[in-house]
Amino acid sequence: MSPDNEQQPRQPELPVALPVAWSSDPVNPQVNRLFDSSTETNRTSFSTPSPAAGPRRQVGRRQLHRLQASLSDRDREVINLIAVHRYLTTRQVEAFCFHDHASPVSGARSARRVLRRLQEQGLLKPLERRVGGIRAGSASYVWQLGSVGHRLLRAGSNAKRTHEPSPRFLAHCLAVADTHISLLATERSGDVRSVFVECEPECWRPFTGPSGERRVLQPDLFLITKQDSYLDRWFIEVDLGTESINTLLRKCAQYEDYRRTGVEQSSAGAFPLVVWQLPTQERISRLADAIARSTTPLPELFRFVLPDGLAPLVIRGAA
DNA sequence: TGCGGTACATGCGTTTACGT
DNA sequence: ACGTAAACGCATGTACCGCA
């Protein structure tokens with residue numbers, strides 16, 4: 001352990017560089033960067049149509065600008081989170097933005113009300129593939145950006161056409177979001193002093209491969225935690241058991257290739273730990289064995305956890 | 001006028017107990 | 001062992017009130 005004023009890394013290889021912003025921000029600085037922060041309103045004054053009216057069909061440039069100015073900070077946060085994660089369930093939106101209400105029930109109710117309003121404004125739209133009936137059911141809505149939401153984030157350019165994702169892709173997006181939420185929960189609980197989370201594609205790392213080819217390392221999340229006077233940096237990979245072990249091993253080799261470029265070490269002082277979040281202990285053993293048998297990736301580069309093991313690992317630190 | 005909060009209703013999926 | 005129905009859990013809806 002080192003004195004606080006030195007901000008020294010926990011390991012010799014760990015970095016000293018501070019992130020762009022810490023998560024004293026409600027959720028994620030990356031999220032807020034998506035929006036033009038020139039608007040200051042904190043309350044929504046845009047008149048919402050009746051539920052029967054449905055989403056607005058045509059929104060002109062002026063109307064778009066007015067809509068943007070009318071959004072509260074929390075509205076922007078919801079929209080940006082859904083943009084960053086691509087898909088979020090109502091429950092996840094609740095966990096991100098409506099966690100500080102008087103009761104969980106009130107938070108849930110408020111979340112549904114806000115999501116409904118943003119849907120009516122065309123900013124969000126729920127996926128059609130929803131388990132349950134028209135009125136209620138056993139699964140949350142899954143939300144994605146609506147056409148107006150896409151235009152808003154792309155500074156008025158044409159809306160991106162959305163389509164139903166494959167169940168596998170959707171499950172992965174939602175699992176990554178769950179991981180993000182669990183990491184923020186460790187900060188809210190006080191177990192970690194500060195958590196900075198970077199999502200795709202901000203956390204991607206373009207690099208030049210061993211043969212000079214252009215490659216991109218694509219972690220699911222990049223994380224910096226601050227504990228006492230130490231900074232720990234982590235790449236997070238979320239696996240749902242849908243990929244072959246060979247595919248995971250190739251990804252591990254890619255981390256090793258990226259590590260050998262030295263880019264991360266020169267910019268931040270050390271290479272982050274790579275954490276594989278895997279669904280079963282059996283799969284952890286298989287991947288760990290495969291890495292141990294392989295000659296390419298350094299085994300000490302990786303940690304393996306079950307879904308409920310990530311937060312304890314982050315709290316313990318990378319040492 | 002919009003938001004926050006509460007109470008209660010609704011309807012679907014899942015679980016469990018029971019009869020065959 | 002299997003099929004069925006009731007009980008339960010859950011997410012969401014409506015309605016209403018108070019507050020800023």
Side-chain angles (χ1 to χ4, degrees), chain A residues 25-27 31-32 35 37-56 59 62-82 85-146 148-149 152 164-168 170-182 184-185 188 240-241 279-280 307-308:
Chain A
D25 170 279
V27 173
V31 159
N32 286 341
F35 252 114
S37 58
S38 59
T39 51
E40 296 292 336
T41 51
N42 198 32
R43 284 283 181 274
T44 300
S45 58
F46 195 87
S47 61
T48 53
S50 67
R56 6 182 110 236
V59 176
R62 193 174 301 174
Q63 205 173 356
L64 191 69
H65 189 75
R66 214 171 57 223
L67 178 58
Q68 181 171 9
S70 73
L71 294 174
S72 69
D73 289 344
R74 193 183 55 192
D75 291 343
R76 292 192 200 98
E77 198 183 339
V78 169
I79 293 164
N80 283 329
L81 275 163
I82 290 172
H85 284 286
R86 285 179 277 234
Y87 306 98
L88 287 180
T89 65
T90 301
R91 295 284 286 177
Q92 289 173 328
V93 172
E94 269 177 62
F96 274 122
C97 308
F98 297 84
H99 55 88
D100 53 356
H101 283 247
S103 72
V105 178
S106 288
R109 183 71 200 92
S110 295
R112 289 198 298 273
R113 196 149 36 194
V114 168
L115 288 167
R116 172 68 161 276
R117 175 170 47 77
L118 296 178
Q119 179 192 357
E120 286 164 355
Q121 291 171 344
L123 292 158
L124 301 179
K125 80 175 185 189
L127 289 185
E128 287 174 16
R129 191 198 297 109
R130 176 173 164 268
V131 181
I134 293 171
R135 183 155 190 174
S138 63
S140 303
Y141 279 110
V142 177
W143 296 92
Q144 62 181 332
L145 281 189
V148 180
L152 211 61
E164 289 280 308
S166 71
R168 195 162 122 174
L170 178 61
H172 184 257
C173 290
L174 297 180
V176 171
D178 275 337
T179 302
H180 188 173
I181 289 166
S182 75
L184 293 178
R188 288 174 192 152
L240 295 177
T280 63
D308 57 357

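For clarity, every value in this text was computed on a predicted model and none was experimentally measured. Note on naming: letters A, B, ... go to the chains in the order of the sequence lines (proteins, then strands), and numbering restarts at 1 for each one.
Ring centers of Y87(A) and H172(A): at least 6.0 Å apart, outside the cut-off.
For A175(A), the side-chain contact (heavy atoms from CB on, under 4.5 Å) test picks out V238(A), L240(A), with sequence neighbours left out. Remark: R168(A) engages E243(A) in a salt bridge (Lys or Arg N to Asp or Glu O under 4.0 Å) (not counting sequence neighbours). For R112(A), there are no salt bridge (Lys or Arg N to Asp or Glu O under 4.0 Å) partners two or more places apart in sequence or in a different chain. With sequence neighbours excluded, no residue forms a side chain to side chain donor-acceptor pair (under 3.5 Å) with S110(A).
What separates CD of Q92(A) from P of dT12(C) is a distance of 12 Å, to the nearest Å. When the P atom of dG2(B) is taken as reference, atom CZ of R116(A) falls 15 Å away, rounded to whole Å. The CG atom of L118(A) sits 14 Å away from the C1' atom of dG2(B) (whole-angstrom rounding). Whole-Å rounding puts the E94(A) CD to dC10(C) C1' distance at 12 Å.
Using a 4.0 Å cut-off between charged side-chain N and carboxylate O, E94(A) and R91(A) make a salt bridge.
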Pairs under 3.5 angstrom, nitrogen or oxygen only, protein versus nucleotides 5-7 of chain B, please.
from	atom 1	to	atom 2	distance (Å)
dG5(B)	OP1	A102(A)	N	3.4
dG5(B)	OP2	H101(A)	ND1	2.2
dG5(B)	N7	R113(A)	NH2	3.1
dG5(B)	O6	R113(A)	NH1	3.1
dT6(B)	OP2	S103(A)	OG	3.0
dT6(B)	OP2	S106(A)	OG	2.6

